[in-house]
Amino acid sequence: MKDISRILVFDLKGYMAHFRKFYTNSSALTYTFPPYTTITGLIAGILGRQRDSYYQEFNHENCQIAISLMSGSRKIVQTMNYIRTKNKQEFNGSAGPTPTPLEILLSNEINLRFRIYFSHSNQQLMETVKERIQENRYVYPPYLGITEFTASLDFIADLKESEIKQISQEDIAEIDTVINTDFIKDKGIRLEKTTAGLKIFKEKMPLEFGESRRLKKVASFIFDANGQNIPVILTVPYYQIQITGGQENILFLNQEGGF
């Protein structure tokens with residue numbers, strides 16, 4: 001696994017979100033947090049990359065992303081009227097609307113908030129991302145899954161090598177970010193080691209797109225619905241970072257390597 005010498009930390013927030021599950025059809029269900037592919041798309045958007053042009057630039061060899069949930073959430077279903085388009089003659093709306101259930105993610109507080117940890121092999125790209133977030137200067141504005149749900153970004157930190165420590169241990173680690181289940185040792189979720197009332201869920205999500213937006217890799221992730229850390233025994237190293245307010249243990253969604 002490549003050493004991580006720099007991590008940008010920023011918060012993605014907004015009132016509502018819809019991160020469509022890739023395996024749904026007639027009913028549009030949402031994930032509880034943005035997938036890796038959504039975050040890379042958001043970063044590519046604020047940099048001005050064109051649709052489907054950035055997958056190689058943000059693949060697992062160049063880009064690492066971790067996500068933590070900073071707010072509790074709930075889901076509701078609303079019926080949306082989409083234009084019926086079973087053939088090209090109906091694109092003018094002549095066939096009328098098609099009612100479609102849409103699952104919407106809402107916060108238990110004021111805003112949904114997701115903390116993003118971003119590292120890239122291209123240091124100039126990272127510097128540009130940092131500047132654009134700090135100055136609120138985006139080529140394409142950020143949003144939470146669909147363009148109707150606009151979002152904002154709060155810059156948190158630019159962590160240098162001295163503030164990042166890679167830890168390899170076979171003992172229990174309390175991870176503050178979403179965890180790829182491929183990185184957990186068999187029977188490695190150790191709930192008996194915590195007294196917190198965890199609400200652990202598992203979701204299957206896209207992890208990487210290939211050419212022409214073809215799904216290249218899928219993985220399953222576990223998380224606590226209220227953003228609490230989860231005690232696990234891992235098969236890969238994790239990163240301990242020093243950030244305003246204390247110390248966090250993070251695990252990138254797509255990292256490689258073991259010990």
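Using a 4.5 Å heavy-atom cutoff, the side chains of Phe201 and Phe221 are not in contact. Within the 4.5 Å cutoff, side-chain heavy atoms of Pro206 are placed close to those of Tyr31. Between Leu8 and Val129, the closest side-chain pair of non-hydrogen atoms falls below 4.5 Å. Taking the side chain as every heavy atom from C-beta outward, Gln78 and Ile76 approach each other to under 4.5 Å. Leu112 places a side-chain heavy atom less than 4.5 Å from the side chain of Ser73. The closest side-chain heavy-atom distance from Arg20 to Leu102 is not below 4.5 Å. Residues Thr30 and Lys21 form no side-chain contact, since every pair of their non-hydrogen atoms from C-beta on lies 4.5 Å or further apart. Residues Arg6 and Gln123 have side chains in contact (heavy-atom distance under 4.5 Å, counting atoms from C-beta outward).
In this structure, the separation between CE on Met16 and CD1 on Ile146 is 8.5 Å, given to the nearest 0.5 Å. In this structure, CD1 on Ile200 lies 8.0 Å from CD1 on Ile179, to the nearest 0.5 angstrom. Distance CG/Leu153 to NZ/Lys13: 9.5 Å, rounded to 0.5 Å. The CD1 atom of Ile116 sits 9.5 Å away from the CD1 atom of Ile133 when rounded to the nearest 0.5 Å. Residue Glu163 holds its CD atom at 14.5 Å from NZ of Lys165, rounded to the nearest 0.5 Å. Residue Gln56 holds its CD atom at 8.0 Å from CD of Glu208, rounded to the nearest 0.5 Å.
Contact between Met126 and Phe118 at its shortest, heavy atoms only, is CE-O, 3.5 Å. Heavy-atom minimum distance, Phe19 versus Gly145: CE2-N, 3.6 Å. Nearest heavy atoms, Arg49 versus Leu125: NH2-CD1, 3.7 Å. Looking at every heavy atom in both residues, Gln166 comes nearest to Tyr239 through OE1-OH, 3.1 Å. For the residue pair Ile46 and Arg132, the shortest heavy atom distance occurs at O-CD, 3.2 Å. Of all heavy-atom pairs between Ile4 and Ile164, the closest is O-CG2, 3.9 Å.
Asp171 places no side-chain N or O within 3.5 Å of a backbone atom of Ile233 that could act as its donor or acceptor partner. Counting only distance, with no hydrogens or angles, the side chain of Thr40 and the backbone of Phe58 share no donor-acceptor pair below 3.5 Å. A donor-acceptor contact shorter than 3.5 Å links the side chain of Gln169 to the backbone of Ile172. In this structure, His18 contributes its side chain and Glu103 its backbone to a donor-acceptor pair below 3.5 Å. Asp224 contributes a side-chain N or O that, together with a main-chain N or O of Lys199, makes up a donor-acceptor pair within less than 3.5 Å. Side chain of Thr79 to main chain of Pro101: no donor-acceptor pair is present (N/O by atom type, distance under 3.5 Å, no hydrogens or angles). Here the side chain of Asn62 pairs no donor or acceptor atom with the backbone of His120 at under 3.5 angstrom. Distance alone, capped at 3.5 Å, places no donor-acceptor pair between the Tyr140 side chain and the Leu47 backbone. Checking side-chain atoms of Gln64 against main-chain N and O of His60 turns up a donor-acceptor pair under 3.5 Å. Between the side chain of Thr177 and the backbone N or O of Leu251 there is at least one donor-acceptor pair closer than 3.5 Å.
The local environment of NZ in Lys185 is sparse, with at most 12 non-hydrogen atoms from other residues, nucleotides or ligands closer than 6.0 Å. Heavy atoms of other residues, nucleotides or ligands lying less than 6.0 angstrom from OH of Tyr15 number 12 at most. Other residues, nucleotides and ligands contribute over 12 non-hydrogen atoms within 6.0 Å of the CD atom of Glu131. Heavy atoms of other residues, nucleotides or ligands lying less than 6.0 angstrom from CD1 of Ile110 number 12 at most. Within 6.0 Å of atom NZ in Lys130, more than 12 heavy atoms from other residues, nucleotides or ligands are found, so the atom counts as buried in its surroundings.
Tyr238 and Ile222 fall within a single hydrophobic cluster, where Ile, Leu, Val, Met, Phe, Trp and Tyr side chains are chained together by heavy-atom contacts under 4.5 Å. Criterion: ILVMFWY side-chain heavy atoms under 4.5 Å apart, direct or through other members. Under it, Leu29 and Leu105 are not part of a common hydrophobic cluster. Under a hydrophobic clustering in which Ile, Leu, Val, Met, Phe, Trp and Tyr are joined whenever their side-chain heavy atoms come within less than 4.5 Å, directly or via other members, Val139 and Leu42 fall into different clusters. When hydrophobic clusters are built by joining Ile, Leu, Val, Met, Phe, Trp and Tyr residues whose side-chain heavy atoms come closer than 4.5 Å, directly or via intermediates, Ile43 is grouped together with Phe155. Cluster membership for Ile175 and Met70, using ILVMFWY side-chain heavy atoms within less than 4.5 angstrom, is not shared.
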Decide side-chain contact (heavy atoms from CB on, under 4.5 Å) for Val218 and Met205; before the verdict, give the C-alpha distance in whole Å, the side-chain angles of both, and the deciding distance to 0.1 Å.
CA-CA 6 Å; Val218 174; Met205 312 177 79; over 6 Å; no

Apply the test side-chain contact (heavy atoms from CB on, under 4.5 Å) to residues Glu248 and Gln240: give CA-CA distance (whole Å), side-chain angles for both, the deciding distance (0.1 Å), then the verdict.
CA-CA 6 Å; Glu248 296 180 14; Gln240 192 172 86; over 6 Å; no

Please report the C-alpha distance between Gln255 and Val236 in whole Å, then the side-chain angles of each, then the deciding distance to 0.1 Å, and finally whether the side-chain contact (heavy atoms from CB on, under 4.5 Å) criterion is met.
CA-CA 8 Å; Gln255 69 185 52; Val236 298; 3.4 Å; yes

Please walk me through it: do Ile189 and Lys187 pass side-chain contact (heavy atoms from CB on, under 4.5 Å)?
CA-CA 6 Å; Ile189 302 176; Lys187 299 181 181 178; over 6 Å; no

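Here the two rings, on Phe149 and Tyr143, have centers that are 6.0 Å apart or farther. Ring centroids of Phe33 and Phe223 are separated by less than 6.0 Å, placing the two rings close together.
A donor and an acceptor atom, one from each side chain of Asn254 and Tyr36, are located under 3.5 Å apart.
A salt bridge links Arg113 to Asp154: one of the charged nitrogens lies within less than 4.0 Å of a carboxylate oxygen.
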